[in-house]
**Student:** 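I am attaching a structure below and will ask some questions about it afterwards.
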Amino acid sequence: MVAIVIRCLIMYILLTFSMRIMGKRQIGELDVGDLVSTLLISELAAIPIDDPDIPILNAIIPILLIISLEIVVSTIKNSSRFVKKAVEGRPVYIIYKGRLLEEALINNRISINELLSEMRGQNIFDISEVKYGIIEQNGTLSLFKNSDTTFAHSLIIDGEVMEDAVKRLGVEKEIQKVMTEEGLKDIILMTIDDSGKTNIIRRNGNGG
Amino acid sequence: MGAKIFAIITLVMILTSVTLNTKILNERIDEILGDVENHSHYDDVLATKDKYLKYQRFISISVSHKDLMNIEDLFSEYEAEVRLENENKNITKSRLISALKHLKRLSAINIDSII
């Protein structure tokens with residue numbers, strides 16, 4: 001029994017350390033990688049507490065491995081767009097300029113009832129009030145109402161052109177101009193709002 | 001930055017220590033297996049059992065205690081049967097060898113241990 005208590009303490013300290021080192025995202029909204037690692041770690045931590053015959057290292061080593069992999073994969077995601085897209089996916093519009101995009105709903109396996117339920121959770125009781133609805137990478141729904149002030153569409157994120165958004169908004173010429181005049185490498189974020197006003201944030205804090 | 005350094009160091013340490021642990025564990029088990037297979041006297045059995053108990057602390061880092069207890073029990077049984085010149089001693093010796101080979105197979109890096 002003493003061994004189980006000590007194992008429990010060790011796993012508790014290890015889990016607290018794990019959550020701390022993996023960052024606040026683990027505690028807040030989880031993306032796919034965070035969810036997988038959190039689930040695995042919690043299962044692994046229970047094993048040596050539950051079964052004293054199993055060496056405690058059989059849980060500690062896999063947990064440390066998962067923590068390390070999570071940090072390494074996060075680092076790679078931040079420097080590789082391909083990996084980021086493969087692991088996280090992209091936010092998806094399901095309501096665009098007040099129009100419900102049925103195909104997007106079907107592709108993301110969201111029913112109308114689920115959409116209405118989410119809306120009610122955000123105190124919106126009439127779908128016609130919604131101008132834009134986006135399913136985020138972590139599965140949450142972000143809604144922008146007609147009465148809200150501005151909505152900025154992302155055209156370039158971290159040097160990568162958001163082709164879907166550019167095509168949808170018909171701003172290919174603007175993007176071409178930016179690419180020709182300054183290139184994409186230094187642009188962290190470029191947005192355009194519904195009035196056509198663009199905003200570019202460059203590396204080293206140079207905005208405009 | 002600290003987290004990244006921690007992650008890389010941890011990954012390297014885990015891979016290195018697990019590989020080393022597997023290698024040393026296999027060497028120890030091979031040594032004990034060799035001794036058991038060449039047993040002829042009661043003193044040999046005692047010596048091998050003592051060796052196993054000496055290595056057990058290292059082996060128990062990564063092997064289930066049930067498997068270790070099983071081998072320890074078989075050693076005790078074999079020891080008793082050799083001392084009493086029991087006719088079942090060869091059967092027990094065979095069971096002990098099988099248990100050690102099973103342990104070696106599961107401790108190594110191969111398909112059996114992964115599945």
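Keep in mind that what you see is a predicted model, and the values were worked out from it rather than measured. Order of the sequence lines sets the chain letters (A, B, ...), proteins ahead of strands, with each chain counted from 1. The analysis underlying the following values was restricted to heavy atoms, covering all of them including side chains, and did not include hydrogens, waters or symmetry mates.
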**Student:** Give the interface residues of residues 64-76 of chain B toward chain A, defined by a heavy-atom separation under 4.5 Å.
**Tutor:** S64(B), H65(B), K66(B)

**Student:** What distance do L65(A) atom CG and L15(B) atom CG have between them, rounded to the nearest 0.5 Å?
**Tutor:**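 One finds 7.0 Å between CG of L65(A) and CG of L15(B).
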
**Student:** Holding to side chain to side chain contact (heavy atoms under 4.5 Å, CB included), I want the full list of residues that pass it with T10(B), two or more places apart in sequence or in another chain.
**Tutor:**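 Residues passing side chain to side chain contact (heavy atoms under 4.5 Å, CB included) with T10(B): L64(A), S68(A), F6(B), I14(B).
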
**Student:** Hey, is CZ on R168(A) packed in by over 12 heavy atoms from elsewhere, all under 6.0 Å?
**Tutor:**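 Check passes, neighbour count above 12.
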
**Student:** Got a second to check how far L57(A)'s CG is from N21(B)'s CG, nearest 0.5 Å?
**Tutor:** 8.5 Å

**Student:** Is K101(B) atom NZ crowded by more than 12 heavy atoms from other residues, nucleotides or ligands, each under 6.0 Å away?
**Tutor:** no

